Visitor: 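Submitted below is the structure of interest, expressed as structure tokens.
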Amino acid sequence: MGARKMKMFKTLALGAAVSVGLLATSGAIAATNDGDLGSTSTGTFDINLTVGNLYRVFGLTPFTFTAPNLAAQTKPICIYSNAAKFNLDIDTTNTFELQNTAGTPGGTYVIDINEGNNGAGDLVKQWTASNHTALDVDTLALDATNDEVLGTCSVGNFSVKVTPTLETNIAADSYTDQVTLIVKAI
């Protein structure tokens with residue numbers, strides 16, 4: 001290849017490289033404005049924030065029953081979502097059965113989730129050992145005294161009601177189960 005053709009090839013290659021570089025950075029250039037050289041200079045850039053669906057369940061407290069007083073107990077909880085609806089599910093370690101440390105059953109229980117903080121609102125769903133599938137729930141606004149970031153739940157927007165039932169001829173012992181509330185995207 002002659003010197004003249006080599007020079008022309010290098011010039012074309014450099015021009016192509018610069019063009020590709022400008023095309024590759026054109027998105028970044030559109031979001032910024034560099035300042036001009038001078039005694040002062042001003043430039044701008046954009047800040048973009050994308051927020052996906054966020055969920056939090058908080059304000060949960062234990063339920064304690066002492067036989068023979070097995071009256072249902074209702075406690076407020078808070079469920080935050082920035083989406084119009086969320087999926088609510090309940091999972092338990094022993095499938096809605098209270099067991100002692102040896103795994104002996106001592107009773108079963110039912111969980112009701114209601115709208116409002118006192119159990120008097122509309123029933124969202126009742127979960128039992130034979131009926132514990134997830135469902136989609138409309139988001140309810142949190143009271144202004146609640147804070148989903150700090151986890152402060154002074155006035156719940158939902159309530160949990162637990163109703164236990166004892167087995168017959170149950171031995172003296174402690175019987176437990178752990179309940180997990182799952183709040184997620186639909």
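As the structure is a prediction and not an experimental result, all values here were calculated from the model.
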Visitor: Once side chain to side chain donor-acceptor pair (under 3.5 Å) is applied, do any residues pair with T92, and if so which ones, sequence neighbours excluded?
Guide: D177

Visitor: Give every donor-acceptor pair under 3.5 Å between a side-chain atom in residues 62-73 and any protein atom, sequence neighbours left out.
Guide:
unit_1	atom_1	unit_2	atom_2	d
N69	OD1	A71	N	3.4
Q73	NE2	T64	O	2.7

Visitor: What class does the angle between the rings of F158 and F86 fall in, given that below 30° is parallel, 30 to 60° is tilted and above 60° is perpendicular?
Guide: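 Rings of F158 and F86: perpendicular, over 60°.
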
Visitor: Please say yes or no: joined through hydrophobic side-chain contacts below 4.5 Å, possibly via intermediate residues, are V57 and V155 part of one cluster?
Guide: no

Visitor: Using only atom types and a distance under 3.5 Å, with no angle test, would you say the side chain of T165 pairs donor to acceptor with the backbone of G107?
Guide: no

Visitor: Just how far is it from atom OG1 of T74 to atom NZ of K161, taken to the nearest 0.5 Å?
Guide: 5.5 Å

Visitor: If you look only at distance, which donor and acceptor atoms sit under 3.5 Å apart when one is on a side chain in residues 125-136 and the other is two or more places apart or in another chain?
Guide:
unit_1	atom_1	unit_2	atom_2	d
K125	NZ	N131	OD1	3.4
K125	NZ	T133	O	2.8
K125	NZ	T133	OG1	3.0
Q126	NE2	D112	OD1	2.8
W127	NE1	T133	O	3.3
T128	OG1	S130	N	3.3
T128	OG1	S130	OG	3.4
T128	OG1	N131	N	3.0
H132	NE2	A129	O	3.2
D136	OD1	N87	ND2	3.0

Visitor: For residues V162 and Y109, report the shortest heavy-atom separation together with the two atoms involved.
Guide: CG1-CB, 4.2 Å

Visitor: Which ILVMFWY residues can you reach from I47 by hopping between side chains whose heavy atoms are under 4.5 Å apart?
Guide: F45

Visitor: Kindly indicate, with the supporting measurements, whether the criterion side-chain contact (heavy atoms from CB on, under 4.5 Å) is fulfilled by I113 and I90.
Guide: CA-CA 10 Å; I113 303 287; I90 293 181; 4.3 Å; yes

Visitor: Who pairs with E115 by side chain to side chain donor-acceptor pair (under 3.5 Å), at least two apart in sequence or on another chain?
Guide: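 None.
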
Visitor: For N114 and D122, run side-chain contact (heavy atoms from CB on, under 4.5 Å): C-alpha distance rounded to whole Å, both residues' side-chain angles, the deciding distance at 0.1 Å, then the answer.
Guide: CA-CA 6 Å; N114 289 69; D122 290 341; over 6 Å; no

Visitor: Is the shortest side-chain heavy-atom distance between L181 and I77 below 4.5 Å?
Guide: yes

Visitor: Where do N94 and T176 come nearest, in terms of heavy atoms and distance?
Guide: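 Looking at all heavy atoms of both residues, the closest pair is ND2-O, 3.1 Å.
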
Visitor: Write down the atom of C78, the atom of L142, and the distance for their closest heavy-atom approach.
Guide: CB-CD2, 3.9 Å

Visitor: Got a second to check how far T152's OG1 is from D147's CG, nearest 0.5 Å?
Guide: 5.0 Å

Visitor: Flag yes if Y175 and F96 sit in one hydrophobic cluster, no otherwise; membership is Ile, Leu, Val, Met, Phe, Trp, Tyr, and two members link when side-chain heavy atoms are under 4.5 Å apart.
Guide: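 Yes, same cluster.
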
Visitor: Write down the atom of P105, the atom of E167, and the distance for their closest heavy-atom approach.
Guide: O-CG, 3.9 Å

Visitor: Can you hop from L60 to I111 via hydrophobic side chains spaced under 4.5 Å?
Guide: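 Cluster IDs for L60 and I111 match.
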
Visitor: Cut-off 3.5 Å, side chains only: do T44 and N33 have a donor facing an acceptor?
Guide: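 Looking only at side-chain atoms, N33 and T44 do form a donor-acceptor pair, the distance falling under 3.5 Å.
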
Visitor: State yes or no: do F58 and L54 share one hydrophobic cluster built from I, L, V, M, F, W and Y residues joined by side-chain heavy-atom distances below 4.5 Å, directly or via other members?
Guide: yes

Visitor: Evaluate the side-chain contact (heavy atoms from CB on, under 4.5 Å) criterion for residues V124 and V137: first the C-alpha distance (whole Å), next the side-chain angles of each, then the deciding distance (0.1 Å), finally the verdict.
Guide: CA-CA 7 Å; V124 173; V137 178; 3.7 Å; yes

Visitor: Which heavy atom in N117 sits nearest to a heavy atom in G156, and how many Å separate them?
Guide: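 The pair with the smallest heavy-atom distance is CB-O, 3.0 Å.
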
Visitor: Between S159 and P76 (side chain of the first, backbone of the second, donor and acceptor by atom type, cut-off under 3.5 Å), is there such a pair?
Guide: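 No; judged by distance alone, with no hydrogens or angles, the pair does not exist.
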
Visitor: Whether the side chain of N100 engages the backbone of D173 through a donor-acceptor N/O pair (distance < 3.5 Å, no angle test) should be reported.
Guide: no

Visitor: Should side-chain heavy atoms under 4.5 Å link Ile, Leu, Val, Met, Phe, Trp and Tyr, which residues sit in the same cluster as V110?
Guide: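 In the cluster with V110 there is nothing else; it is isolated.
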
Visitor: Is there side-chain contact between N82 and N53, with at least one heavy-atom pair below 4.5 Å?
Guide: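 Of all side-chain heavy-atom pairs linking N53 with N82, at least one is under 4.5 Å.
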
Visitor: Any idea which heavy atoms bring Y55 and A83 closest together, and the distance?
Guide: OH-CB, 4.0 Å

Visitor: Mark yes or no for whether N157, through its side chain, and I79, through its backbone, hold a donor-acceptor pair below 3.5 Å.
Guide: yes

Visitor: If only atom types and distance count, is the side chain of R56 paired as donor or acceptor with the main-chain N or O of E148 below 3.5 Å?
Guide: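 Yes, the answer is positive, given that a donor and an acceptor are paired below the 3.5 Å cut-off.
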
Visitor: To the nearest 0.5 Å, how far apart are CG in N146 and SG in C153?
Guide: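 So the gap between those two atoms works out to 5.0 Å.
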
Visitor: Compare all side-chain heavy atoms of T32 with those of D46 and state whether any distance is below 4.5 angstrom.
Guide: no

